[in-house]
Amino acid sequence: MANQELQSKIGQLQGPILVLGASGFIGANLLHLLLRQRDDVVGTIFHTPAWRLAGVPDKNLVAADLLVDANLEDVLKRSTPRTVFNCVAYGAYSFESDSELIYRTNFNLTAKLLQQLERMRIACYVHSGSSSEYGDNLAGPREDHLPQPNSDYAVSKVGCANLIRFYGRKKKLRCANLRLFSVYGPLEDSSRLIPAVVKHGLEGTYPPFVGAGISRDFVYVEDAAEAYVDTALNLRESHYGESFNIGSGNKTTIAEVAQTSAELFSIKLQPVFGSMEQRKWDLADWFSNQKKTTEVLGWKARTDLRAGLVRTTEWYRSLDDKDRYQRSSKQFRLDKERSVSAIVACYKDGQAIPIMYQRLTKTFEELKVDYEIIFVNDNSPDNSEEVIRELSARDRHVVGISHSRNFGSQMAFRSGMGIASKNACVLLDGDLQDPPEIISQFVAKWKEGYDVVYGRRVRREALWPMRIAYKLFYRIFDAFSYLSIPHDAGDFSLIDRKAVKAILQYPERDVFLRGIRASVGFKQTGVDYVRPKRMFGRTTNSLLKNIGWAKKGILSFSYLPLSLLSFFGSLLFVCSIILEAIHVALRVFFPGLAPRGVTTILLAIMFFGSVEILGIAVLGEYIGRILEESKRRPHFIRRSIIKNGEARSVTDAPEGSER
C-alpha cells in the first residue's frame, strides 16, 4: 500500500525533473526511485562511471562539473526542469576537509543555481540541508531554533538555508531546505556506520564504535527520498523558503545499534565501545523534532532501524563484488597528500593541447590523486588561449596563464609553478614529446621518498646528428659544470613542493631549470623513457637556439671557460718568455738561424689576437649576463589568468607575478 501511494505521488510531480548530484548516496537513491515510475528524469554526475548508477540509461545522465558556471547553465538549458532536487554536497565526511571546496560546492553553487532558477518557470526547488546546521543543539530542535554550526560544512549549510529563505520569502520562489538527519541504506558510502555494522555483522563481529551513549536519529534512505517528493507536492506559499527536519524523531544510541545488530546477526561477542575515536560532532542527544514536517508536508518516516537494517543487509548480500563496494568509498577516491599540478608550457601547440588534456586527465584519474592542469600560453600566435579557455569552461581542474609576450619555456614553467596549489609539480612541454603516462612512474618514485624525479631520455625519435648532438651536450655540460648534472634529463620531471619553493627562490633571470633542479639538491632519481617526435607542426627549436641552450647551461653552472682562459693565458705567457729567450740566444750565437720576415710576425699577431678576442668574447658573455641580472626585470608578465571559461586580466605588479 505504501509503495502504491509513493508511486502515485511520484506520478504527480511536475516534470521534467532534475536531480543534481545523482551519483551521491541520496541523489542516486532518489534518481532510481523516480526512474521506476517515469522517464522524464535527468541526473547529473561528476564523472563516469558512477557505480551507484549502474544500469541507468545514458539519456537520463549528464556528466558535468557543476562548479564551472558554463556547465551549470548548460545543464539547466538542456534539461529545462520544472522540479529540481539538489543533492550536491561536500564536507559531510570527516575526510572531506578542503574548506574552500566546502564553501564553493555547498554555498557558491547554491547561490548561482538559485539565480538561474529564479529566471526559469520551475514548480519547486528542494535543497539537501543537514542536521549539522544545528551544531551542538541537536536534542529535538525546532526548525526556528538558532543554528549553532560547529564546522565549515555546517556553516556552509546554514548559509544555504538562509539563502533559500531569502529566495522563498522575498522572491517568492517555491523552494525549501530539508535538514537531513542520519540517512542510511543501500548505496551508502562503505566507510559509514551502518554499512560497517552490516559488513561486520555478517562476519559475526562488530565494527569499531564510539562511546555507547553517543546517539543518532536514523532515517532510511527511501523514506528520505519520499520527503523530497512530499515537499515538491505539498509546499504551500506560506512556507516558501523554510527548513524542515527529516528524521525519525527517535534517539538511538550506539549501544542500541549494537544490541539491534547482535539480535539481527546473532552475534555472541560483546561490543567494545570507545574503540573508535570520538569526533567533535558526536553528541549524546541527537534526534529530530518532526512536528512541523508532519503538519506542513505530511511526511513521516515509515521504516524503523531494525527493518532498515534488514533491507540494507539484503541489498549488501545481493552484491556480486563486495570488495569493489568497500573500495568505492570516497575515502579511497583521491589521494590529497600526493596531489599533483601538471604545468604545460605551450607555444604553437593549439592542436596538441586537447590531446595533452585527455591523456593527463586519464593518467591522474587512474592514479586517483588530486590534481590540476596549468596550461601556460607563452604568447602563442595560434588559438592556444581559446583552446585552454574552452577546456577550463568544462573542467575546473584546468587553469590557464597567458603571457604578454613570449618569455620562453623556462619562464613558462616558472610562471606555472608560481600559482601551483598541489604538493608536487610535473613539468611538460606542450608538444606531446613528454608522454603524460610516465607520470605514474614519477608518482611511484615520489611515494618511495624521492623529492625530484626526472625523465631520462634513453632514446629520441629524431635524426641521428641531433641525437648525437644532444648526447654530447649533456656529457660536456656535466664535465664543465661544478654540479653533478644527470645525463639526458630534460625539463620533464616531478618536483616535490619543498623543492619547488627552493627553485622559486633562485632570483636569476637567465633561467636554466634543469641545472637549478640539480642545484637545489634533495633526493633525486631518474625514470627512463623514449622521447617521441613532435605530434603536430614543426619544432620551434633550431641549430642556433640549441647552441644558445648549450651556452645558457654552461655559462650558468660552470666557471670552466674562465678557468681555461686563465690557464691558456698563463701557458702562452710562459711560452712567449721561452720563445723570446730562444730568439735572443739565436740572434747572439747563431745569427743565421734566427727567424726573419713579416710572415712570422703576422702569424704571431693573428694567433695572439684571436686568443684575446676569444677571451673578450667569453668575458662578454658573463658580463652580459651580469648586466641582465643587475637590471632586475620581471621574470615574466602575465596578461591573463584563465579559470572557469573566463580569461581575467592580471593587474598585479610584475613583482607579484610569482602568485
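Source: prediction; values computed, not measured.
- Ionic pairing of Arg179 and Glu143 is not present here: no N-O contact between side-chain nitrogen and carboxylate oxygen is shorter than 4.0 angstrom.
- Taking 4.5 Å as the limit, every side-chain heavy atom of Ile246 sits out of range of all side-chain heavy atoms of Val183.
- Under 3.5 Å, the side chains of Ser421 and Glu372 contain a donor-acceptor pair of N or O atoms.
- No side-chain donor-acceptor contact under 3.5 Å links Ser8 to the backbone of Gln4.
- Under the 3.5 Å distance criterion, the side-chain polar atoms of Thr312 are matched with a main-chain donor or acceptor of Gly308.
- Using a distance-only test at 3.5 Å, with no hydrogens or angles considered, no donor-acceptor pair links the side chain of Arg389 to the main chain of Ala647.
- Checked for salt-bridge contact, Glu5 and Arg302 meet the test: a charged N lies under 4.0 Å from a carboxylate O.
- To the nearest 0.5 Å, atom OG of residue Ser190 and atom CG of residue Asp323 are 10.5 Å apart.
- Around the CG atom of Asp58, the shell of radius 6.0 Å holds no more than 12 heavy atoms that belong to other residues, nucleotides or ligands.
- In this structure a side-chain-to-backbone donor-acceptor pair under 3.5 Å is missing from Asn71 to Glu73.
- For the pair Leu33 and Ala225, the tightest heavy-atom approach, listed with the atom from each and the gap, is CD2-CB, 3.7 Å.
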Output side-chain donor-acceptor pairs under 3.5 Å for residues 15-31, partner residues at least two apart or in another chain, one line each.
from, atom 1, to, atom 2, distance (Å)
Asn29, ND2, Phe25, O, 2.9
Asn29, ND2, Pro186, O, 3.0

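- With rounding to the nearest 0.5 Å, the separation of CG in Leu391 from NE2 in His397 is 13.5 Å.
- Distance check: Leu138 CG to Ser288 OG gives 9.5 Å after rounding to the nearest 0.5 Å.
- Although no hydrogens or angles enter the test, the distance criterion places a donor-acceptor pair under 3.5 Å between the side chain of Asn106 and the main chain of Ile102.
- Closest heavy-atom contact between Gly247 and Gln290: N-OE1, 3.1 Å.
- A pairwise comparison of heavy atoms in Gly204 and Leu269 identifies O-CD1, 3.7 Å as the closest pair.
- The 12-atom threshold is exceeded at NZ of Lys322, counting heavy atoms of other residues, nucleotides or ligands nearer than 6.0 Å.
- Judged by distance alone, with hydrogens and angles left aside, the side-chain atoms of Thr253 form no donor-acceptor pair with the main-chain N or O of Ile214 at under 3.5 Å.
- Smallest separation of non-hydrogen atoms from Leu66 and Leu109: O-CD1, 3.4 Å.
- Rounded to the nearest 0.5 Å, atoms CG (Asp285) and OG (Ser215) are 5.5 Å apart.
- Around atom CZ of Arg324, no more than 12 heavy atoms belonging to other residues, nucleotides or ligands sit under 6.0 Å away.
- With sequence neighbours excluded, the residues that form a side chain to side chain donor-acceptor pair (under 3.5 Å) with Asp136 are Asn150.
- Among residues at least two apart or in separate chains, ring pair (Phe, Tyr, Trp, His ring centres under 6.0 Å) pairs with a member in residues 223-243 are Phe85-Tyr228.
- Every residue meeting the ring pair (Phe, Tyr, Trp, His ring centres under 6.0 Å) condition with Phe273, not counting sequence neighbours, appears here in chain and number order: Phe209.
- Separation of atoms CD (Glu133) and SG (Cys160) is listed at 8.0 Å; rounding is to 0.5 Å.
- Counting non-hydrogen atoms of neighbouring residues, nucleotides and ligands closer than 6.0 angstrom, the NZ atom of Lys171 exceeds 12 such neighbours.
- With respect to Lys199 and Glu203, a salt bridge is recorded, a charged nitrogen being found less than 4.0 Å from a carboxylate O.
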Practice task
Just do the side chain to side chain contact (heavy atoms under 4.5 Å, CB included) check on Trp299 and Glu226 with the steps written out, would you?
Solution key: CA-CA 8 Å; Trp299 178 89; Glu226 186 176 4; 4.1 Å; yes
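- A side-chain donor-acceptor contact under 3.5 Å links Asn177 and Ser243.
- Considering every non-hydrogen atom in both Ser191 and Asp189, the closest pair reads OG-OD1, 2.6 Å.
- Using modelled atom types, no side-chain atom of Glu188 and backbone atom of Pro195 make a donor-acceptor pair closer than 3.5 Å.
- Other residues, nucleotides and ligands place more than 12 heavy atoms under 6.0 Å from the CZ atom of Arg38.
- With hydrogens and angles ignored, the 3.5 Å screen pairs no side-chain donor or acceptor of Asp152 with any backbone N or O of Ser99.
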Exercise for the section: Report the C-alpha distance between His32 and Leu35 in whole Å, list the side-chain angles of each, state the deciding distance to 0.1 Å, and finish with yes or no for side chain to side chain contact (heavy atoms under 4.5 Å, CB included). Expected result: CA-CA 5 Å; His32 282 298; Leu35 285 174; 5.6 Å; no
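- Relative orientation of the Phe364 and Tyr371 rings is parallel, given thresholds of 30° and 60° on the angle between their planes.
- A ring-centre distance under 6.0 Å is found for Tyr184 and Tyr220.
- Formation of a donor-acceptor pair under 3.5 Å by the Glu366 side chain with backbone atoms of Thr363 is not found in this model.
- Residues meeting the side chain to side chain donor-acceptor pair (under 3.5 Å) test with Gln259, sequence neighbours left out: Glu263.
- Taking each heavy atom of Ser248 and Val219 in turn, the nearest pair found is N-CB, 4.4 Å.
- By the 4.5 Å heavy-atom criterion applied to side chains, Arg311 and Glu222 are counted as neighbours.
- Electrostatic pairing of Asp370 and Arg338 does not count as a salt bridge here, judged by no charged N lying under 4.0 Å from a carboxylate O.
- Salt bridge annotation for Asp217-Lys251: absent, with no cationic side-chain nitrogen under 4.0 angstrom from a carboxylate oxygen.
- Using a cutoff of 4.0 Å between basic side-chain nitrogens and carboxylate oxygens, Asp304 and Arg306 are not scored as salt-bridged.
- Between the side chains of Asn86 and Tyr125, at least one donor N or O lies within less than 3.5 Å of an accepting N or O.
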Practice task
Decide yes or no on ring pair (Phe, Tyr, Trp, His ring centres under 6.0 Å) for Trp286 and Phe218, but give the supporting numbers first.
Solution key: CA-CA 10 Å; Trp286 189 332; Phe218 292 102; 9.2 Å; no
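- Heavy atoms from other residues, nucleotides or ligands lying under 6.0 Å from NZ of Lys300 number 12 at most.
- Lys291 has its side chain within reach of Glu295: a pair of non-hydrogen atoms, C-beta onward, lies under 4.5 Å apart.
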Exercise for the section: Begin from the C-alpha positions of Lys59 and Asp39 and carry the test side chain to side chain contact (heavy atoms under 4.5 Å, CB included) through to its verdict. Expected result: CA-CA 10 Å; Lys59 67 177 183 177; Asp39 194 45; 3.0 Å; yes
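- In the displayed structure, Gln12 atom CD is contacted under 6.0 Å by more than 12 heavy atoms of other residues, nucleotides or ligands.
- Of the possible polar contacts, one joining the Asn234 side chain to the Leu297 backbone as a donor-acceptor pair under 3.5 Å is found.
- Asn245 has its side chain out of reach of Lys292: every pair of non-hydrogen atoms, C-beta onward, lies at least 4.5 Å apart.
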Practice task
Just do the side chain to side chain contact (heavy atoms under 4.5 Å, CB included) check on Leu180 and Ser128 with the steps written out, would you?
Solution key: CA-CA 7 Å; Leu180 304 169; Ser128 300; 4.3 Å; yes
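- Residues satisfying the side chain to side chain donor-acceptor pair (under 3.5 Å) test with Arg174, not counting sequence neighbours, are none.
- Here the straight-line distance linking atom NE2 of His127 with atom OG1 of Thr231 works out to 12.5 Å at 0.5 Å rounding.
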